[in-house]
Structures are given as C-alpha cells and as structure tokens.
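Remember, it's 1-based here, ligands and their atoms both numbered in the order they're listed.
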Amino acid sequence: MAKTTGAAKLSAQPIVRQMQLADIPAVYTIETASFATPWTIDIFEREITENTFANYFVIENEGVIAGYCGMWLVIDEAQITNIAILPNYRGKKLGEKLFAHVMEQAILAGAYRLSLEVRVSNLPAQHLYRKFGLVPGGIRKNYYTDNQEDAIVMWVNL
Ligand SMILES: CC(C)(COP(=O)(O)OP(=O)(O)OC[C@H]1O[C@@H](n2cnc3c(N)ncnc32)[C@H](O)[C@@H]1OP(=O)(O)O)[C@@H](O)C(=O)NCCC(=O)NCCS
C-alpha cells in the first residue's frame, strides 16, 4: 500500500468553511435533493451578497461539497435557516460537524440564543438538534406550504 502523506491525511478530513458564490451550484444540488420546496439559486445569491445578517457555511469532504448550513445573526439572536447534507453522505457525522461549527460561530459572535424550525415528522433533524441541547419551545401550525405540516420551534441558550 502507498504511504499516506501528511497532506493526503489532511485533505481526507472534512472541513467547514464559509460558502462562496462559486459554491452555489453544488449547494443547489443538495437543496433540491433535500427539501420539498427548495430555495432557488437566486435566493442563495441574495443571501450571500445582500443579506448582512446571513452567514452560510459548507462542509467539504474529499473535495466534494457534501452539505451546507445557513444562519441569520440578528443582534444577539441566531436563527438556523437551513441545514442539509447530500443524501449519499448522510449518517457519517457531517451534519453534526457542520452544526457544531455553526453553533460555535454563533457563540463567538456573541449570540445568547439559537433557534430554528423543524418539521414535526423530521425525526433525524430533531435528534441532531437535541444532541446540541435544543429543546422544543412551541409549534407553528401549518408552517410548511407544501403539505401544511406543523413546525416545532426548537431553541437553546448559548
Ligand atoms: C438532518 C441531517 C442534516 C443530518 O445530517 P447527517 O450528516 O446525516 O447526520 P449525522 O450523521 O451528523 O448524525 C448526527 C446525529 O443526527 C441524528 N440523526 C442523523 N440521522 C438520523 C436518522 N436517520 N435517524 C435518527 N437520528 C438521526 C442522530 O442524533 C445523530 O447522532 P448519533 O449518530 O450519535 O445518533 C440530514 O439528515 C439531512 O440533510 N436531512 C435532509 C434535510 C433536512 O431535513 N434538514 C433539516 C431541516 S430542519
């Protein structure tokens, strides 16, 4: 077997970094594979170039953009807009690594609370959020427009 170099070992580690405009096609692929009512490319472009509250991150695994997460930081409150991992890359702790990074960014920015909405039926996501201490705080009735599903609001003090 070929000897693994230090650089090769490093590149095998998933990395989380800020989303760039050039990442949007890959992010859009993840988006359409993950959500019933996906955001458009235009929305991602505006989030990155115009929304001063928005912070977007991608997780790269061996050169592949495997997931992304968005957060709005408004004064001292953080709100997760979206998190998704490419279907083939799920269950490999990438979502967890990405969420941990975003939560840390919220803490570094001085946010005191983080919240998000999640479908009542989305148990994988709810389990992920519970691992980070988020708890249900309320229900938004008929929140999702595709099937009128309720959203659970989950939150944590940072
Ligand atoms: C939710 C999502 C981001 C999780 O990403 P992931 O990389 O697959 O998750 P990880 O491998 O990092 O798992 C971390 C934790 O999430 C939870 N989890 C992930 N997949 C799960 C599943 N299929 N069933 C139950 N819990 C699950 C578990 O708590 C897991 O920790 P554990 O393995 O110690 O039990 C991913 O499933 C996804 O992209 N879903 C579609 C988009 C979506 O629903 N986004 C959330 C919108 S609110």
Side-chain angles (χ1 to χ4, degrees), residues 9-20 23-48 51 53-74 77-107 109 111 113-158:
K9 271 190 210 152
L10 255 185
S11 67
Q13 289 294 318
I15 57 153
V16 180
R17 59 168 177 79
Q18 276 201 315
M19 191 193 293
Q20 313 289 325
D23 299 323
I24 290 177
V27 167
Y28 183 66
T29 300
I30 300 166
E31 179 77 3
T32 52
S34 301
F35 296 114
T37 52
W39 281 9
T40 59
I41 285 183
D42 194 46
I43 292 176
F44 284 110
E45 283 176 357
R46 275 188 278 126
E47 283 288 277
I48 286 190
N51 184 352
F53 300 124
N55 298 264
Y56 280 80
F57 302 89
V58 292
I59 186 158
E60 246 186 79
N61 191 60
E62 295 179 339
V64 175
I65 296 175
Y68 85 94
C69 182
M71 168 176 68
W72 289 350
L73 272 170
V74 183
E77 291 215 29
Q79 192 185 353
I80 301 295
T81 58
N82 279 336
I83 179 167
I85 301 292
L86 267 178
N88 285 348
Y89 286 78
R90 289 180 194 160
K92 300 174 192 294
K93 302 285 181 198
L94 295 178
E96 192 167 319
K97 185 176 171 92
L98 181 58
F99 197 82
H101 181 92
V102 173
M103 203 160 155
E104 188 165 328
Q105 294 302 306
I107 292 166
R113 180 183 152 110
L114 180 141
S115 65
L116 52 79
E117 282 105 9
V118 57
R119 286 180 191 259
V120 168
S121 65
N122 194 347
L123 299 181
Q126 289 169 36
H127 286 146
L128 170 66
Y129 304 146
R130 281 184 183 274
K131 281 189 93 168
F132 288 90
L134 281 85
V135 290
I139 294 280
R140 293 198 204 286
K141 294 295 286 179
N142 306 325
Y143 183 76
Y144 295 99
T145 52
D146 62 315
N147 63 355
Q148 282 69 53
E149 188 171 348
D150 297 346
I152 304 175
V153 180
M154 295 183 75
W155 67 279
V156 64
N157 281 329
L158 298 172

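Contacts between Asn82 and ligand 1, counted as non-hydrogen atom pairs separated by less than 4.0 Å, are absent for every part of the residue. Residue contacts with ligand 1 for Lys131 involve side-chain atoms from C-beta outward but no N, CA, C or O (heavy atoms, distance under 4.0 Å).
In terms of polar-atom proximity, Gly95 is counted as a contact of ligand 1, with an N or O under 3.5 Å from an N or O of the ligand. For the pair Phe35 and ligand 1, the shortest N or O to N or O distance does not fall below 3.5 Å. In terms of polar-atom proximity, Ala84 is not counted as a contact of ligand 1, lacking any N or O under 3.5 Å from an N or O of the ligand. Considering backbone and side-chain atoms together, Lys97 places no N or O closer than 3.5 Å to any N or O of ligand 1. At under 3.5 Å, not a single nitrogen or oxygen of Val118, backbone or side chain, sits near a nitrogen or oxygen of ligand 1. The shortest N or O to N or O distance between Tyr129 and ligand 1 is not under 3.5 Å. Annotation: Ser34 places no N or O atom under 3.5 Å from an N or O atom of ligand 1; distance criterion only.
Test Glu117, Gln148, Arg119 against Tyr143 for side-chain hydrogen bond (donor to acceptor under 3.5 Å, both in side chains) and you get one pass: Glu117. Evaluated for a side-chain contact (heavy atoms from CB on, under 4.5 Å) with Cys69, the options Asn55, Val58, Ile80 yield exactly one hit, Ile80.
For ligand 1, the atoms lying closer than 4.0 Å to a non-hydrogen atom of Glu96 are 12 (O), 14 (C), 15 (C), 31 (O). Within the listing of ligand 1, atoms 7 (O), 12 (O) sit less than 4.0 angstrom from a heavy atom of Leu94. Remark: ligand 1 atoms within the under-4.0 Å shell around heavy atoms of Lys92 are 11 (O).
Two residues are said to be in side-chain contact when any heavy atoms from C-beta on lie closer than 4.5 Å; Phe99 and Tyr129 meet this criterion. Looking at heavy atoms from C-beta onward, Ile24 lies in side-chain contact with Glu45 at the 4.5 angstrom threshold. With contacts defined as side-chain heavy-atom distances shorter than 4.5 Å, the pair Tyr144/Val120 does not qualify.
With hydrogens and angles left out, the side-chain atoms of Glu31 and Tyr68 include a donor and acceptor closer than 3.5 Å. Donor-acceptor pairing under 3.5 Å is lacking for the side chains of Ser115 and Glu77. A donor-acceptor contact under 3.5 angstrom links the side chains of Tyr56 and Glu47, judged on distance only. Side-chain contact, Arg90 with Ser34: a donor N or O sits under 3.5 Å from an acceptor N or O.
Taking atom 4 (C) of ligand 1 as the reference point, the nearest protein heavy-atom neighbour is Leu128 CD2, 4.1 Å. In this structure, the protein non-hydrogen atom closest to atom 37 (O) of ligand 1 is Arg90 CD, 3.6 Å. The single protein non-hydrogen atom nearest to atom 39 (O) of ligand 1 is Ile85 N, 2.8 Å, given as residue, atom name and distance.
Atom OH of Tyr28 is separated from atom CD1 of Ile41 by 6.0 Å, given to the nearest 0.5 angstrom.
Nearest-heavy-atom check against atom 8 (O) of ligand 1 across Ala151, Cys69, Ala125, Gly91 picks out Gly91. In the candidate list Lys93, Glu117, Arg119, Lys93 is nearest to atom 10 (P) of ligand 1, counting heavy atoms. Closest to atom 17 (C) of ligand 1 by heavy atom, among Pro124, Ala100, Ala36, is Pro124.
Under the 30°/60° scheme for interplanar angles, the aromatic rings of His101 and Phe57 are found to stand perpendicular.
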Would you check, one step at a time, whether the test side chain to side chain contact (heavy atoms under 4.5 Å, CB included) holds for Met154 with Val118?
CA-CA 8 Å; Met154 295 183 75; Val118 57; 3.8 Å; yes
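Within the 4.0 Å cut-off (strictly below), a protein heavy atom is located near atom 27 (C) of ligand 1.
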